[in-house]
Amino acid sequence: MAKVYPASAAQYLNIESTTLIDYDVNRLETFSMFPALKNDCLIRALLRQPVDETPVWMMRQAGRYLPEYRATRARAGDFLALCKNKELACEVTLQPLERYPLDAAILFSDILTIPDAMGLGLYFAEGEGPKFERPITTVADIENLSTNVLTELQYVMDAVHLIRHELAGRVPLIGFSGSPWTLATYMVEGESTRDFKKIKSLLYADPAALHTLLDKLTTVVAAYLNAQIDAGAQVVQIFDTWGGVLSDNAYTDFSLQYIKKIIGQLNTRREDGSVIPVIAFTKGGFPWLDAISRCGCDAVGLDWSIDISVARKLVGDRVALQGNMDPAILRAPIPVIEREVRRILDQFGSHASGSRHIFNLGHGITPDIDPDHAGAFIAAVKRYSIEHH
């Protein structure tokens, strides 16, 4: 695997830094300069440091709601081809930054690249979402899974490195992965599901087998996120999209403990003193908010099901909070969007005590949203958040 000498912490202080990339033996040694970071608002907020305004980005901010994204995807041929082409992945990552004054770019990829690299054969059926050619159906399938898959995922690290250069220091780059539980749901179900029948049957009938799968996924996710960090990711987020479908005890045993293990293995404190903040996001995670805030992350992502003032009281100053506007409100008239932004900012309140808020949707922006409405949302955050700093 590539050895990477991390960029200096001085990048956050507008001083240029050098990164040496030594790829595998089949690659040429490459020297490259990561430009100085010009907008560090997100990094500072995640680390609970003073900021002048509330930073904002959107989950799925590069996606089908943008006509320029649809055009690039058409050029790629299909979604997976788009993910695996570093130049096109870079292009779509940057597209929303050309439209909106966002405070972060997020790597364009998919959480299911990991099970695809593990041999399950990911494909996207038109109008049906992701599916696997070889889903897990037996304990032997779990035992035979390889965790040595970073070579197959090198295209992701290549994209991260290219994006960092093309960003030219405008904003930080967020890398990400799905959580082990969320990845396991797709790997066992074989596709998207609403009842989680197969994965929950495995959980209750053979919990040891599921723990074996989750252990393997933990190993891969930790290595994958560390590789993204080494390639240039400045923040990482763990998406636990389906943690909220679990019972109280099952969430702790089959999801949160593995997220905690991953965070404990991440190389977030770099040799030069810089820090890579970690965001943990569980959709439907409000019942476990206190526990999530103690898992080692720097920020907890919230969906739209909780009043952010209640969340702030629960976590205190342990972590920053990210979220939590309902994505559906972007279908409303712009004045309604603006009122909702202001309401959430008012609920969070002043940043003076040391807690910080990163404004985001409670889940991903959907393909039917008018880009002008997304722009109005971001502009409202910029306009109103100054009052709370």
Side-chain angles (χ1 to χ4, degrees), residues 59-60 63-64 73 76-85 89 107-157 159 176-225 227-228 238-246 250 254-255 258-259 262 282-283 363-364 367:
M59 289 185 271
R60 294 189 193 142
R64 287 180 289 166
R73 177 169 171 170
D78 60 60
F79 179 77
L80 268 183
L82 179 55
C83 289
K84 294 183 177 184
N85 183 310
L107 164 70
F108 180 78
S109 188
D110 194 90
I111 64 169
L112 299 182
T113 55
I114 285 179
D116 183 50
M118 295 176 82
L120 272 65
L122 176 65
Y123 68 100
F124 288 81
E126 189 65 33
E128 297 182 29
K131 292 189 176 185
F132 287 108
E133 297 171 357
R134 296 172 291 279
I136 291 171
T137 58
T138 67
V139 174
D141 290 340
I142 296 173
E143 293 172 345
N144 291 332
L145 286 171
S146 172
T147 58
N148 186 20
V149 296
L150 285 187
T151 299
E152 287 78 7
L153 293 166
Q154 182 63 46
Y155 65 89
V156 177
M157 274 55 81
F176 69 91
S177 174
S179 71
W181 163 256
T182 290
L183 296 176
T185 65
Y186 287 101
M187 295 168 76
V188 173
E189 297 288 341
E191 59 186 342
S192 298
T193 180
R194 293 186 178 183
D195 58 17
F196 301 90
K197 180 170 63 177
K198 295 177 184 177
I199 187 71
K200 286 196 171 185
S201 294
L202 177 62
L203 186 156
Y204 291 115
D206 195 347
L210 181 53
H211 280 303
T212 298
L213 174 58
L214 295 170
D215 276 326
K216 288 194 169 192
L217 286 167
T218 296
T219 297
V220 174
V221 170
Y224 181 52
L225 289 176
Q228 290 185 38
I238 300 172
F239 283 88
D240 186 28
T241 308
W242 299 125
V245 307
L246 290 164
F254 292 91
S255 185
Y258 292 101
I259 293 172
I262 289 165
T282 294
K283 186 168 179 273
H363 202 243

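Start at 1 with the first residue, then count along the sequence. The basis for the numbers below is simple: all heavy atoms, side chains too, and nothing from hydrogens, waters or symmetry mates.
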Report task. May I ask you to test the Ile114-Met118 pair for a side-chain heavy-atom distance under 4.5 Å? Result -> yes
Those residues at least two apart in sequence (or on a different chain) that pass salt bridge (charged side-chain N to carboxylate O under 4.0 Å, His left out) with Asp206 are none
Across all chains, not counting sequence neighbours, the ring-ring contact (aromatic ring centres under 6.0 Å, His included) partners of Phe79 are Phe108, Phe124
Measure from the side-chain N and O atoms of Lys216 to the backbone N and O of Ile142, and report whether any donor-acceptor pair falls under 3.5 Å.
yes
*CA sep, side-chain torsions, deciding dist, call: Phe239, His363, side-chain contact (heavy atoms from CB on, under 4.5 Å)*: CA-CA 10 Å; Phe239 283 88; His363 202 243; 5.8 Å; no
Side-chain donor-acceptor pair present, Tyr224, Thr113, cut-off under 3.5 Å | yes
query: Under 3.5 Å, side chain of Trp181 to main-chain N/O of Trp242, donor-acceptor pair present?
result: yes
Residues Pro115 and Met187: closest non-hydrogen pair is CB-CG, 3.5 Å
*asked:* Check whether Lys200 reaches the backbone of Val245 with its side chain - one donor and one acceptor, N or O, closer than 3.5 Å.
replied: yes
>> Tell me whether Asn85 contacts the main-chain N or O of Ala81 through its side chain, where contact means a donor paired with an acceptor under 3.5 Å.
In response: no
Ring centre gap for Phe132 and Tyr186 strictly below 6.0 Å
no
When every non-hydrogen atom of Lys283 is compared with those of Thr241, the smallest separation belongs to CB-O, 3.3 Å
dist Lys84:NZ -> Leu153:CG (nearest 0.5 Å) comes out at 8.5 Å
Interatomic distance, CG@Leu122 vs CG@Asp116, rounded to 0.5 Å, equals 5.0 Å
When every non-hydrogen atom of Pro180 is compared with those of Leu217, the smallest separation belongs to O-CD1, 3.4 Å
Residues Ala250 and Leu203: closest non-hydrogen pair is CB-CD1, 4.4 Å
CD1 of Ile262 to CG of Leu225, rounded to nearest 0.5 Å, is 7.0 Å
Quick check against the 3.5 Å criterion: does Asp240 have a side-chain atom that pairs as donor or acceptor with the backbone of Ser179? no
Audit row: Leu213, Leu145, side-chain contact (heavy atoms from CB on, under 4.5 Å) steps and yes/no = CA-CA 8 Å; Leu213 174 58; Leu145 286 171; 3.6 Å; yes
Note to self: More than 12 heavy atoms of other residues, nucleotides or ligands under 6.0 Å from CZ of Arg73: yes or no?
What the structure shows: yes
Rounded to the nearest 0.5 angstrom, the CD1-OG1 distance for Ile199 and Thr185 is 6.5 Å
Is a side-chain N or O of Asn144 found less than 3.5 angstrom from the main chain of Ala140, in a donor-acceptor match?
yes
Heavy atoms of Gln228 and Leu107 approach each other most closely as OE1-CD2, 3.8 Å
Output for pair (Ile111 CD1, Ile238 CD1), nearest 0.5 Å, gives 12.0 Å
Correct closest heavy-atom pair for Pro135 and Leu120 would be CA-CD2, 4.3 Å
